[in-house]
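No experiment lies behind these values; they were computed from the predicted model shown. Labels below follow one simple rule: chain letters A, B, ... track the order of the sequence lines, proteins then strands, and each chain is numbered from 1.
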Amino acid sequence: MSTLKSAFLQAISERGYIHQCTDLDGLDAVFAGTPVPAYIGFDCTADSLHVGSMVPIMLLRRLQQAGHKPIVLMGGGTTKIGDPSGKDTARQMLTDADIARNMAGIRSVFEKFLSFGDGPTDAIMINNDDWLNGLSYVAFLRDYGRHFSINRMLTFDSVKLRLEREQPLSFLEFNYMILQAYDFLEINRTYGCRLQMGGSDQWGNIVNGVELARRVDGAEIFGLTAPLITTASGAKMGKTAQGAVWLNEDRLSAYDYWQFWRNTEDADVGRFLKLFTDLPMEEIRRLEALRGAEINDAKKILANEATRLCRGEAAAQEAEETARKTFEQGRSGDALPSVEVEAAALSDYAVIDAMVATGLAASKGEARRLIKQGAVKLNDAPLADTEAKLAPAQAADGQIKLSAGKKRHALVKVR
RNA sequence: GGAGGGGUGGCCGAGCGGUCAAAGGCAGCAGACUGUAAAUCUGCCGACGUAUGUCUACGUAGGUUCGAAUCCUACCCCCUCCA
């Protein structure tokens with residue numbers, strides 16, 4: 001690989017975003033000059049994106065930072081079909097109303113990471129339903145279907161794996177790649193977009209788009225994929241006890257989001273700093289060189305930076321402050337999950353009920369189990385009695401701190 | 001349309017009349033060790049209850065039986081082969 005000239009490719013190469021590219025040198029030449037649009041598609045199967053989409057989101061952010069134009073493609077049309085890539089079974093069909101609601105939620109996430117507008121480097125958001133829904137079947141087959149060979153399509157992983165494992169693949173899903181390829185052609189025509197990016201599982205779909213545009217329009221466009229991010233111990237990134245790590249505030253509190261990053265494995269810290277923060281490379285190199293307990297400082301910086309990008313400066317500071325009080329001083333911060341109780345009702349309030357109410361336990365049975373296992377602390381004092389009730393005397397500063405294990409804490413606030 | 005196979009807990013997957021809240025694995029939670037890390041070891045892992053107890057659950061709805069995830073009937077869904 002020769003030396004990269006464009007700021008964009010230099011940055012994403014150095015920070016570890018590049019997995020495959022259709023023509024790296026050609027792409028570099030295109031991006032070395034004036035602003036160029038590039039897009040990534042996101043589907044609308046949920047009303048929020050989660051941490052698993054952070055790499056594509058950050059790719060668009062880097063693109064904008066390097067002076068180019070990010071296009072966020074919402075898969076309003078393709079979501080009706082479902083991408084078979086990486087899935088064993090067809091996804092559930094969503095209604096138009098579901099999709100519209102999901103798109104609105106996802107839009108609010110992107111507004112944190114990109115600056116939208118009408119300028120040459122402002123981000124825009126478009127919806128492939130706008131062109132896919134009106135396609136005429138016969139005309140589409142005649143104009144574009146003839147450029148796809150079934151023989152070739154059967155060799156793509158998304159299709160091949162299903163067939164090899166004898167799992168069903170509907171004709172509907174089989175068409176997904178054709179529509180995604182057409183998206184690229186359409187976006188190239190309308191917006192002059194030269195590049196589609198995506199996760200490594202999108203390689204086949206992206207290549208199809210590049211080839212279709214070349215055959216139909218003679219356009220020279222490019223594809224680039226990012227590696228699938230797993231943790232150093234091999235787990236898929238982005239899952240916790242409560243499920244997915246959502247980017248939307250209303251699905252996951254800023255404190256929990258901060259904690260997710262704070263709990264990064266040692267071996268991942270450097271890689272994650274490069275991928276998920278805007279910190280300069282020199283700073284990252286210094287942080288990832290830390291060893292032993294010192295690497296915890298790097299994890300805090302990672303948590304702060306990642307939370308700041310997604311939830312704002314204030315939320316990041318509050319989460320850090322709460323974590324500092326909770327873990328380092330044994331006190332409690334304001335951002336912990338809490339439940340409010342009338343002072344008069346306090347002495348009748350069972351600890352296990354409080355644990356369920358604050359989310360520390362999913363059921364009373366689980367709460368009892370945690371107590372039996374010695375995991376529960378009340379104001380940092382171990383609690384052994386599964387039937388214990390709260391007492392007004394425990395409410396220092398008008399609140400009682402409950403802990404389930406070392407990491408999960410909550411407050412009972414007395415009114 | 002015809003013939004066969006199948007739908008089990010978050011996932012995978014055993015069970016094939018009672019001893020089944022259902023083996024085993026994965027995921028998850030807690031404890032020990034640590035650094036809010038990893039690895040390792042130990043315990044837990046449907047709900048409600050102090051409880052040997054009750055309830056809910058093995059695609060859906062009925063039925064047979066003292067007793068059904070297991071047998072029968074109908075329906076829904078999926079797969080394979082044939083047309």
[X] side-chain proximity, nearest of [options]:
X	options	value
A/Glu265	B/U36, B/A30, B/A37	B/A37
A/Asn296	B/A37, B/C29, B/G35	B/G35
A/Lys406	B/C29, B/U36, B/U34	B/U34
A/Asp266	B/U36, B/A37, B/U34	B/A37

When you measure from the side chain of A/Arg285 to the backbone of A/Pro280, do you find a donor-acceptor pair of N or O atoms at a distance under 3.5 Å? no
Inset, instruction - Report yes or no: does A/Arg61 contribute a side-chain atom to a donor-acceptor pair with the main-chain N or O of A/Phe113 at less than 3.5 Å? - result: yes
For atom [atom1], what is the distance between [N] and [M], given to the nearest Å?
N	M	atom1	result
B/A21	B/A57	P	14 Å
B/A30	B/U36	C1'	15 Å
B/A74	B/C26	P	41 Å
B/G43	B/U50	P	26 Å
B/U52	B/U19	C1'	16 Å
B/C45	B/G24	C1'	15 Å
B/G10	B/G63	C1'	33 Å
B/A69	B/C58	P	8 Å

Hey, does [Y] have a side-chain heavy atom less than 4.5 Å from the side chain of [X]?
X	Y	result
A/Ser108	A/Asn248	yes
A/Tyr39	A/Ile126	no
A/Val245	A/Leu252	yes

Between A/Arg62 and A/Phe8, is NZ or CZ placed under 6.0 angstrom from the six-membered ring centre and within 45° of the ring axis? no
Pairing donors with acceptors under 3.5 angstrom, does anything connect the side chains of [X] and [Y]?
X	Y	result
A/Trp261	A/Asn304	no
A/Ser200	A/His19	no
A/Gln196	A/Gln202	no

Within 6.0 angstrom of A/Lys377 NZ, more than 12 heavy atoms from elsewhere
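No, because the 6.0 Å sphere around NZ of A/Lys377 holds 12 heavy atoms or fewer from other groups.
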Without decimals, in angstroms, what is the distance between [X] [atom1] and [N] [atom2]?
X	N	atom1	atom2	result
A/Leu290	B/A37	CG	C1'	14 Å
A/Lys300	B/G35	NZ	P	13 Å
A/Arg271	B/A37	CZ	P	19 Å
A/Gln259	B/C29	CD	P	13 Å
A/Trp261	B/A37	CH2	P	17 Å
A/Asn263	B/U34	CG	P	19 Å

* Quick one: is A/Lys407 getting a side-chain N or O under 4.0 Å of the B/A37 phosphate, OP1 or OP2? -> yes
| said: With a 4.0 Å cutoff (strictly under), does any side-chain N or O of A/Arg262 reach OP1 or OP2 of B/A37? | reply: no
Protein-proximity profile, nucleotides 42-50 of chain B, B/S/- by nucleotide at the 4.0 Å heavy-atom cutoff, equals -BSS-SSSS
| said: Just to be sure I understand the rule, does A/Ala361 reach a base, reach only the sugar-phosphate, or reach nothing, if contact means heavy atoms closer than 4.0 Å? | reply: nothing
A/Thr264 near the nucleic acid: base, sugar-phosphate alone, or nothing, with a heavy-atom cut-off under 4.0 Å?
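If one applies the 4.0 Å heavy-atom cut-off, A/Thr264 turns out to touch the sugar-phosphate alone, with no base involved.
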On RNA chain B, more 5' by nearest nucleotide between A/Gly405 and A/Phe327 is A/Gly405
By nearest-nucleotide position on RNA chain B, the 5'-leaning member of A/Trp258 and A/Val376 is A/Val376
Grab the stems for RNA chain B, please: at least three consecutive Watson-Crick or wobble pairs, both distances below 3.5 Å, written as range with range.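 Paired runs of 3+ in RNA chain B: B:1-7 with B:76-82, B:10-12 with B:24-26, B:28-32 with B:40-44, B:46-48 with B:53-55, B:59-63 with B:71-75.
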message = If the threshold is 4.0 Å, N to carboxylate O, is there a salt bridge linking A/Lys69 and A/Asp122?
response =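 Salt bridge absent between A/Lys69 and A/Asp122.
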